Amino acid sequence: LTGTAIDFGGTKIAAARLEAGRIVARETAPTLGTGDLTHQIDALADLAATVGWTPGEPVALAVTGRLDAAGMWSAINVDTLTTIDGAPLGAAARKRFGARVIVLNDASASALGEAHFGAGRPYGSIAFVTVSTGIGGGIVLDGLLRRSANGMAGHVGFSTTRHGTSACGSGRWGTVEATASGNAIAAIARARTGDHTLTSRDVFERMRAGEPWASEIVCASAAVVAELFANLDAILGLDAIVLGGGVGLAPGYRELVTRFLDEEPELFRLPILSAELGSDSAFYGALHFALVHGD
Ligand code: BMX
């Protein structure tokens with residue numbers, strides 16, 4: 001794998017330069033809080049240039065949100081990304097970069113990356129679940145990424161949980177994303193403590209410092225994610241689940257999810273692996289997708 005890949009998430013954008021399957025340069029920047037497509041793409045191009053992308057060279061772009069078969073990009077959860085509704089991301093990026101730009105949902109890209117180059121290698125059928133700003137997913141069945149014309153495939157964060165108490169920015173009530181994501185952890189912690197500056201990272205720090213309220217909030221998130229994993233297994237019959245994302249890879253979180261999944265009947269207890277490529281899964285998957293599909 002050689003080329004430039006970009007991961008466009010709800011909180012940060014990241015770019016990496018890969019050569020022969022190794023990352024040789026990387027850079028990150030905060031996601032702009034604007035719905036203006038041109039500004040967003042300018043920020044991506046600036047970041048790509050800092051890792052060594054040269055004008056005219058193809059780009060693999062993994063992005064939060066829904067991408068339909070016509071190449072239109074929309075935020076589903078408008079709380080994780082300033083309203084983007086039906087923007088022609090691929091076409092606009094191709095114009096700005098003056099090159100081929102292959103776009104793919106971020107979690108779908110990570111699923112492919114982990115399935116082919118990471119923790120999913122020994123298995124045929126896996127789901128990748130990212131617990132980050134939102135909760136996203138990608139499904140690889142018998143080695144093939146599940147994609148759909150409406151771009152909804154893999155959006156596991158918009159399934160619901162019995163622990164749901166609110167709606168997320170998708171408008172749907174009781175979603176896994178509303179209950180267990182990084183945004184949800186921060187919102188619950190803020191409501192509980194009255195400290196409106198708290199981030200999900202702070203909640204993990206407070207948990208490690210022994211604050212019981214912080215540990216309760218993180219445990220509640222892990223319980224919902226474990227319930228999601230059992231549901232995915234019941235629907236898809238998976239060999240394993242690969243867990244990623246800033247929250248998913250936070251020390252101790254996977255162990256908590258495993259502990260809650262162990263409370264389910266044995267049939268639903270599938271292996272939970274940490275994303276072996278860490279936060280780089282999307283780079284690998286998006287580049288692989290670009291090389292294989294090449295459109
Ligand atoms: C949301 C959804 C998914 C995305 C997931 C993780 C939006 C804007 N995004 O479920 O498309 O894969 O979040 O994204 O509706 P992240 O931004 O948390 O990395």
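Remember, it's 1-based here, ligands and their atoms both numbered in the order they're listed. None of these values were measured; they are calculated from a predicted model.
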Participant: Thinking salt bridges, do Arg269 and Glu263 make one under a 4.0 Å N-O criterion?
Facilitator: no
Participant: Would you call Val129 and Leu232 a side-chain contact if the rule is heavy atoms closer than 4.5 Å?
Facilitator: yes
Participant: Let me confirm one number: the CG-CG distance from Leu238 to Asp233, rounded to the nearest 0.5 Å.
Facilitator: 5.5 Å
Participant: Supply the atom-to-atom distance Thr179 OG1 to Ile135 CD1, rounded to the nearest 0.5 angstrom.
Facilitator: 8.0 Å
Participant: Mind checking whether Leu261 and Tyr123 sit in one hydrophobic cluster, side chains of I, L, V, M, F, W, Y counted as touching below 4.5 Å?
Facilitator: no
Participant: For ligand 1, which of its N or O atoms have a protein N or O partner closer than 3.5 Å, and how long is each gap?
Facilitator:
residue: ligand 1; atom: 9 (N); partner: Thr64; partner atom: OG1; Å: 3.0
residue: ligand 1; atom: 9 (N); partner: Gly65; partner atom: N; Å: 3.4
residue: ligand 1; atom: 10 (O); partner: Ile135; partner atom: O; Å: 3.1
residue: ligand 1; atom: 10 (O); partner: Glu177; partner atom: OE1; Å: 2.5
residue: ligand 1; atom: 11 (O); partner: Gly65; partner atom: N; Å: 2.8
residue: ligand 1; atom: 11 (O); partner: Gly65; partner atom: O; Å: 3.2
residue: ligand 1; atom: 11 (O); partner: Asn105; partner atom: ND2; Å: 3.1
residue: ligand 1; atom: 11 (O); partner: His155; partner atom: NE2; Å: 2.7
residue: ligand 1; atom: 12 (O); partner: Asn105; partner atom: ND2; Å: 3.3
residue: ligand 1; atom: 12 (O); partner: Asp106; partner atom: OD1; Å: 2.6
residue: ligand 1; atom: 14 (O); partner: Thr64; partner atom: OG1; Å: 3.1
residue: ligand 1; atom: 14 (O); partner: Asp106; partner atom: OD2; Å: 3.2
residue: ligand 1; atom: 15 (O); partner: Ile76; partner atom: N; Å: 2.8
residue: ligand 1; atom: 15 (O); partner: Asn77; partner atom: N; Å: 2.8
residue: ligand 1; atom: 17 (O); partner: Gly10; partner atom: N; Å: 2.8
residue: ligand 1; atom: 17 (O); partner: Thr64; partner atom: OG1; Å: 3.0
residue: ligand 1; atom: 18 (O); partner: Ser132; partner atom: OG; Å: 2.7
residue: ligand 1; atom: 18 (O); partner: Thr133; partner atom: N; Å: 3.2
residue: ligand 1; atom: 18 (O); partner: Gly134; partner atom: N; Å: 2.8
residue: ligand 1; atom: 19 (O); partner: Asp106; partner atom: OD2; Å: 3.0
residue: ligand 1; atom: 19 (O); partner: Ser132; partner atom: OG; Å: 3.2

Participant: Do Thr160 and Val176 have side-chain heavy atoms sitting under 4.5 Å apart?
Facilitator: no
